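Computed from heavy atoms alone, side chains included, the values below leave out hydrogens, waters and symmetry copies. Here the structure is a predicted model, which is why all the values come from computation and not from measurement. Protein chains get the first letters and strands the later ones, always in sequence-line order, with residue 1 at the start of each.
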Amino acid sequence: MRIIFMGTPAYAAEVLDALARKEDVTVSAVVTRPDKPKGRGMKLVPCPVKELALSLGIPVYQPKTLRDGAFQAVLDEYEPELIVVAAYGNILPSYVLDYPKYGCVNAHGSLLPKYRGASPIQRAIMDGESVTGITAMMMDEGIDTGDILGTYPCAIEEDDDCGTLTGKLAKIAAAAMCGVIDMIREGTLTPTPQPEEGACYAAKIGREDAALDFDAPARSVFNRIRALNPSPCAVVKLPNGDPLKITASKAASAEECEKALGQFPGTVVLAEGRGEGRIVVACREGAVALTGVIPAGRKPMSAGDFVRGRKIAAGDILTVMKEE
RNA sequence: CGCGGGGUAGAGCAGUCUGGUAGCUCGUCGGGCUCAUAACCCGGAGGUCAUGUGGUUCAAAUCCCUUCCCCGCAA
């Protein structure tokens with residue numbers, strides 16, 4: 001089967017890798033977003049999907065948009081029977097959706113119709129969900145509204161963050177897409193319309209989502225931190241005004257929550273500098289123990305390292321990083 | 001030439017403005033205390049202060065210049 005693959009981040013690269021290995025499938029072309037200036041010096045950095053495609057010797061196309069019809073030429077050249085999409089980032093217009101004999105299928109990172117949209121994994125963690133998954137679906141012109149081909153649940157463990165969960169889901173997505181292709185060949189594919197009930201949208205993560213506010217229940221602070229790790233990371237403002245990214249946290253002990261009672265949310269009640277260290281911060285309800293941070297201009301480090309460097313002490317108050 | 005931060009002991013930092021004995025919190029090693037300990041006490045090892053047989057100076061981690069590397073923001 002001739003397919004064109006569309007995707008961008010590491011999650012999508014995992015799917016591409018599985019398709020490339022699959023027998024009876026030929027990934028004849030890969031479509032990904034244009035390289036963007038990244039990092040210092042505006043260096044152009046290729047996305048994971050592009051890197052993988054190049055190493056596999058698959059032609060890569062990086063149209064800025066598909067809407068202008070220029071992509072028709074690529075379709076005509078490769079005549080795909082199926083288009084597989086995973087976290088591509090561009091909207092597919094109808095002329096693309098209608099071209100392949102078997103249509104366009106997508107591996108979405110949630111159990112649809114819940115969390116349609118750009119950031120389903122982050123939103124699920126942020127909301128404290130205990131289960132999410134992959135939905136294999138036919139694409140239509142709506143945002144993640146097409147018929148469901150299969151659902152593959154995945155538990156969100158207590159110690160999962162966006163990074164680990166995305167890794168798990170990527171593997172599931174890869175298997176799901178291979179499964180869909182098998183079903184297409186066997187003719188056992190059964191598209192089922194999505195129920196409207198339970199539908200919700202997972203808006204793209206923005207700057208305002210990254211600003212961490214301790215004036216919230218500890219559980220919610222914990223969920224936000226892990227939803228945002230490893231990127232862009234929850235961020236707070238230190239007493240000196242510098243931003244501090246937070247990569248990991250754990251629940252504080254009952255005793256520590258006791259100490260935090262009555263403290264202004266954001267107050268550091270304990271700065272433990274031994275071993276990995278813990279920075280216990282009072283929340284509106286309870287407290288969280290920060291365990292990993294990234295100071296401005298520094299590398300990621302444990303809370304213990306940060307405390308040992310004397311950058312924080314009990315009594316300091318962490319405030320909300322306000323919009324510029 | 002997009003903006004900014006940084007490179008000092010195994011880790012995280014201070015010291016640099018106002019040149020003059022290499023410091024702190026940990027870790028590590030040895031000893032002690034203890035029923036015991038990741039707790040406490042005592043002691044030790046470990047650093048060409050990123051780079052340049054650079055410049056200035058009686059004297060440079062510190063001031064000036066070179067090169068390399070790392071990171072954040074912005075996109």
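When each of A:Gln194, A:Met137, A:Glu196 is tested with A:Pro113 by the rule side-chain contact (heavy atoms from CB on, under 4.5 Å), just one qualifies, namely A:Gln194.
For A:Lys299 and B:C69, the NZ to P distance is 13 Å, given to the nearest whole Å. Atom pair A:Ile294:CD1 and B:G6:P shows a separation of 18 Å (rounding to whole Å applied). The interatomic distance linking A:Asp305 (CG) with B:G10 (C1') rounds to 11 Å, in whole Å. Look at CE on A:Met321: it is 10 Å from C1' on B:C73, rounded to the nearest Å. Counting to the nearest Å, the C1' atom of B:C71 and the CG atom of A:Leu244 are 14 Å from each other. Summarising the geometry, the separation between CZ on A:Arg308 and C1' on B:A14 is reported as 16 Å, rounded to the nearest angstrom. Taking atom CD on A:Glu276 and atom P on B:U25, their separation rounds to 20 Å, with Å as the unit. Protein atom CG of A:Asp242 is 13 Å distant from nucleotide atom P of B:C73, rounded to whole Å.
Under the Watson-Crick and G-U wobble criteria, each requiring two contacts below 3.5 Å, nucleotide B:G2 is paired to B:C73. With a cut-off of 3.5 Å on both Watson-Crick or G-U wobble distances, the partner of B:G19 is given as none. Base pairing annotation: B:U62 forms no Watson-Crick or G-U wobble pair, as no partner gives both donor-acceptor distances under 3.5 Å. Across the strands present, B:U51 finds no partner; the criterion is a Watson-Crick or G-U wobble pair with both atom distances under 3.5 angstrom. Across all strands shown, B:C35 forms no Watson-Crick or G-U wobble pair with both distances under 3.5 Å.
You'll find that the side chain of A:Met301 is closest to B:C13, out of B:A11, B:C13, B:C73. Comparing atom distances between the A:Arg274 side chain and each of B:A14, B:C24, B:C26 picks out B:C26 as nearest. Listed nucleotides B:G72, B:A14, B:U25 differ in distance to A:Lys311; the shortest reach to its side chain belongs to B:A14.
Comparing the C1' positions of B:G6 and B:U16 gives a spacing of 14 Å, expressed to the nearest Å. The P atoms of B:C24 and B:C65 are separated by 32 Å, rounded to the nearest whole Å. Of the C1' atoms belonging to B:A50 and B:U8, the separation is 10 Å, rounded to the nearest Å. If you take atom P in B:U25 and the same atom in B:U18, they sit 29 Å apart, rounded to whole Å. Distance noted for atom P between B:G15 and B:C63: 12 Å (whole Å). Atom name P, nucleotides B:C26 and B:A36: the rounded distance is 24 Å, in whole Å. Rounded to whole Å, the C1' atom of B:U51 lies 6 Å from the corresponding atom of B:U67. Of the C1' atoms belonging to B:U34 and B:C42, the separation is 16 Å, rounded to the nearest Å.
Between the side chains of A:Thr145 and A:Asp140, at least one donor N or O sits under 3.5 Å from an acceptor N or O. Side-chain polar atoms of A:Glu129 and A:Tyr115 form a donor-acceptor pair below 3.5 angstrom. In this model, a donor atom of one side chain and an acceptor atom of the other lie less than 3.5 Å apart for A:Ser253 and A:Glu256.
Panel note: side chain A:Thr32, backbone A:Gly7; a donor-acceptor pair is recorded below 3.5 Å.
The phosphate of B:C26 has neither OP1 nor OP2 within less than 4.0 Å of any side-chain N or O from A:Arg310. One finds a side-chain N or O of A:Lys245 lying less than 4.0 angstrom from the OP1 or OP2 phosphate oxygen of B:C73.
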Test A:Ser94 against A:Asp98 for side-chain hydrogen bond (donor to acceptor under 3.5 Å, both in side chains), laying out the working first.
CA-CA 6 Å; A:Ser94 57; A:Asp98 294 341; 4.8 Å; no

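The number of heavy atoms from other shown groups lying within 6.0 Å of CZ (A:Arg67) does not exceed 12.
Residue-to-nucleotide proximity on RNA chain B shows that, of A:Ala296 and A:Phe306, the 5′-proximal contact is made by A:Ala296.
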